There are 2 protein chains.
Amino acid sequence: MSTTISPLSAHRNTSNGIADIRDLTRGQPIESLDAGEALAWQGDKATDIFEICGGALRLCRILPDGRRAILRFVFAGEFLGLAEGEDFPWTAEAINPVTFRRLRRSRFAAAVEQSPALNRAHVALICEELSAAHEQMILLGRKNAEERVASFLVAMMRRAGLDDVSGDVFDLPMTRLDMADYLGLTIETVSRIMSKLSRQGLIAARGRHQICGRNAGALRAIAEVDEEMCARPLMRRAA
Amino acid sequence: MSTTISPLSAHRNTSNGIADIRDLTRGQPIESLDAGEALAWQGDKATDIFEICGGALRLCRILPDGRRAILRFVFAGEFLGLAEGEDFPWTAEAINPVTFRRLRRSRFAAAVEQSPALNRAHVALICEELSAAHEQMILLGRKNAEERVASFLVAMMRRAGLDDVSGDVFDLPMTRLDMADYLGLTIETVSRIMSKLSRQGLIAARGRHQICGRNAGALRAIAEVDEEMCARPLMRRAA
DNA sequence: CGATCCCTTGACTTTTATCAATAAACGTGG
DNA sequence: CCACGTTTATTGATAAAAGTCAAGGGATCG
């Protein structure tokens with residue numbers, strides 16, 4: 001079985017000690033956010049970290065001329081703000097109604113100082129984020145539009161737990177524009193490719209925000225241009 | 001003064017306690033590598049971390065059909081392998097002759113466990129890497145060819161310490177193909193844009209691997225579509 | 001049920017990639 | 001130090017991919 005970490009699944013709770021971090025937030029009150037509201041703004045002092053309990057967010061940066069890039073989607077069960085410096089380098093907006101818990105960074109830092117296990121969990125989560133970012137750099141730098149959309153759909157299927165199943169339905173809570181800004185495409189290109197994949201029978205739309213996977217294998221074949229096994233160079237370094 | 005971390009400068013020794021990590025490698029013997037040789041292969045067990053003492057490396061991934069992506073360039077003074085999991089997710093190749101020190105990961109982990117300062121330095125370095133990866137995602141997803149090349153040149157100028165100076169020469173040790181694979185372009189497009197920037201008097205070539213900055217301001221204007229000040233949204237979240 | 005927002009599709013433009021030829025830089029050995 | 005061969009870079013012509021502009025259609029929500 002492949003251990004490749006795909007952009008979206010990377011943030012999920014694998015067995016990396018995430019439970020230790022969640023213990024810290026357990027006591028905190030649950031707050032909530034309407035769709036479209038921001039949890040934090042780019043440039044804000046990063047005084048808190050967040051555990052997302054329900055819903056989904058997009059982390060975005062806006063260029064001066066209006067271009068927008070989405071750096072990551074954050075889903076229920078994931079954390080936000082673990083890897084930030086003084087200020088948040090993005091604006092975090094709710095895609096749909098979001099519930100979350102908040103923890104003071106100072107408290108988190110103190111707890112990490114006390115517990116090597118917690119510390120390892122913290123580092124592991126940041127490393128997974130970096131790994132996901134690298135995967136996304138490959139997608140943005142070297143994959144074409146069809147491969148990008150397919151990769152995204154496969155990642156969304158995986159995080160819904162539908163790795164190899166066809167015929168199951170999974171959610172796509174974000175808009176086509178969100179997808180476009182995450183994949184480095186325009187909304188029209190995303191739309192055209194979704195239509196093409198439907199026409200080819202790889203997926204079937206169930207309204208705007210649900211997809212029925214029809215041929216997961218074919219989708220993966222388009223997406224996973226980047227399998228580990230193929231990446232090993234031909235000869236090894238001397239000594 | 002802006003604190004934006006650009007893709008390349010992010011890895012350099014800011015005052016983040018990198019000295020603590022370097023103390024650990026100081027005793028290690030210096031090894032060396034010819035241009036083109038690999039320091040580590042994708043898929044290798046990541047048993048060591050490396051301090052690069054001289055030269056430069058590229059970290060690359062190859063897609064099955066031959067497409068290549070460069071995830072990062074690593075320069076003298078920087079570390080390699082601090083954020084990796086079980087295996088290296090890239091192949092690290094020497095761009096020019098490289099000297100480096102090697103440290104067992106187990107020893108590094110033990111030292112980190114003992115020293116909160118070292119620990120903070122470790123986390124800070126990984127966070128800078130993530131920040132650089134995010135910056136690169138914006139470049140790859142939302143900047144055009146000219147902006148990408150200009151951003152790259154500005155980053156290389158910065159790490160040479162020539163932030164605002166014009167008329168100074170800086171190195172570009174990698175080939176045009178390396179630049180292309182880092183910037184998500186083809187070698188021809190990189191070449192055309194370099195020629196265009198020369199024609200416009202923003203840079204002047206000194207052989208293949210040296211650039212004389214002629215108008216750093218204009219170059220920055222093209223590159224830095226992404227200034228912090230412009231990124232703040234118009235209204236703030238209620239309460 | 002109606003208004004709005006979001007998505008889809010089509011026609012056309014622009015950007016970047018591809019293919020091909022030439023030219024410049026670099027390294028090597030005489 | 002020069003000449004040659006090899007590698008790397010540049011430039012041009014053309015093709016392909018994705019972007020832009022514009023119109024229409026379908027969801028969704030009050």
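Note that the coordinates shown come from a computational prediction; the quantities given were computed from them, not determined experimentally. Letters A, B, ... are given to chains in the order of the sequence lines, protein chains preceding strands, and every chain is numbered from 1.
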With sequence neighbours excluded, give me every salt bridge (Lys or Arg N to Asp or Glu O under 4.0 Å) pair touching residues 195-214 of chain B. B:Glu146-B:Lys196

Kindly write out the residues that satisfy side chain to side chain donor-acceptor pair (under 3.5 Å) with A:Glu84, not counting sequence neighbours, or none if the list is empty. none

Among residues 195-206 of chain B, which residues get a heavy atom nearer than 4.0 Å to DNA chain D? B:Ser195

Return the value, rounded to whole Å, for the distance between atom CG of A:Asp181 and atom P of C:dC7. 12 Å

Applying salt bridge (charged side-chain N to carboxylate O under 4.0 Å, His left out), name anything that partners A:Arg101, two or more places apart in sequence or on another chain. A:Glu51

5' priority, DNA chain D, between B:Arg142 and B:Thr175 [closest heavy atom]: B:Thr175

Partners of A:Ser191 by side chain to side chain donor-acceptor pair (under 3.5 Å), sequence neighbours excluded? none

Between protein and nucleotides 1-7 of chain D, map the contacts as a letter string: B base, S sugar-phosphate only, - none, heavy atoms under 4.0 Å, written 5' to 3'. ------B

At their closest point, which heavy atom of B:Pro173 faces which heavy atom of B:Met156, and how far apart are they? CD-CE, 4.0 Å

Tell me whether A:Glu135 is salt-bridged to A:Lys143, with the criterion being a basic N under 4.0 Å from an acidic carboxylate O. no

Of all heavy-atom pairs between A:Phe88 and A:Trp41, which one has the smallest distance, and what is that distance? CB-O, 3.9 Å

Measure from CE on B:Met174 to C1' on D:dA9 and round the result to the nearest Å. 16 Å

Short heteroatom pairs, N/O only, protein and nucleotides 13-16 of chain C, under 3.5 Å:
from   : atom 1 : to       : atom 2 : distance (Å)
C:dT16 : OP1    : B:Ala145 : N      : 3.0

In chain order, what residues pass the side chain to side chain donor-acceptor pair (under 3.5 Å) check against A:Arg142, with sequence neighbours excluded? B:Asp181

Nearest heavy-atom neighbours spanning A:Gly54 and A:Ala76: CA-CB, 3.8 Å

Can you sort out the partners of B:Asp171 under side chain to side chain donor-acceptor pair (under 3.5 Å), two or more places apart, ordered by chain and number? B:Gln210

What's the angle between the local helix axes at either end of the helix from C:dC1-D:dG30 to C:dG30-D:dC1, using five pairs per end and rounding to 10 degrees? 50°

Residue pair A:Leu185, A:Ile193: steps toward the side chain to side chain contact (heavy atoms under 4.5 Å, CB included) verdict: CA-CA 11 Å; A:Leu185 301 169; A:Ile193 303 245; 5.9 Å; no

Rounded to the nearest angstrom, tell me the gap between atom CZ in B:Arg67 and atom P in C:dT18. 9 Å

note: A:Glu147, atom CD; D:dA18, atom C1'; distance rounded to Å ~ 14 Å

Which whole-number value in Å describes the distance from A:Arg176 CZ to D:dG26 P? 15 Å

What pairs of nitrogen or oxygen atoms, one from the protein and one from nucleotides 21-24 of chain D, lie under 3.5 Å apart?
from   : atom 1 : to       : atom 2 : distance (Å)
D:dC21 : N4     : A:Glu188 : OE2    : 3.0

Ignoring hydrogens and geometry, is there a side-chain-to-backbone donor-acceptor pair from A:Gln28 to A:Thr25 under 3.5 Å? no

By side chain to side chain contact (heavy atoms under 4.5 Å, CB included), which residues pair with B:Asp178, not counting sequence neighbours? B:Arg58, B:Arg68, B:Ile70, B:Phe73, B:Ile95, B:Met174, B:Thr175

Using a 3.5 Å distance criterion without hydrogens, assess whether the side chain of A:Glu147 forms a donor-acceptor pair with backbone atoms of A:Asn144. yes

Rounded to the nearest 0.5 Å, how far does CG of A:Asp44 lie from CH2 of A:Trp90? 9.5 Å

Mark yes or no for whether B:Arg176, through its side chain, and B:Ile187, through its backbone, hold a donor-acceptor pair below 3.5 Å. no

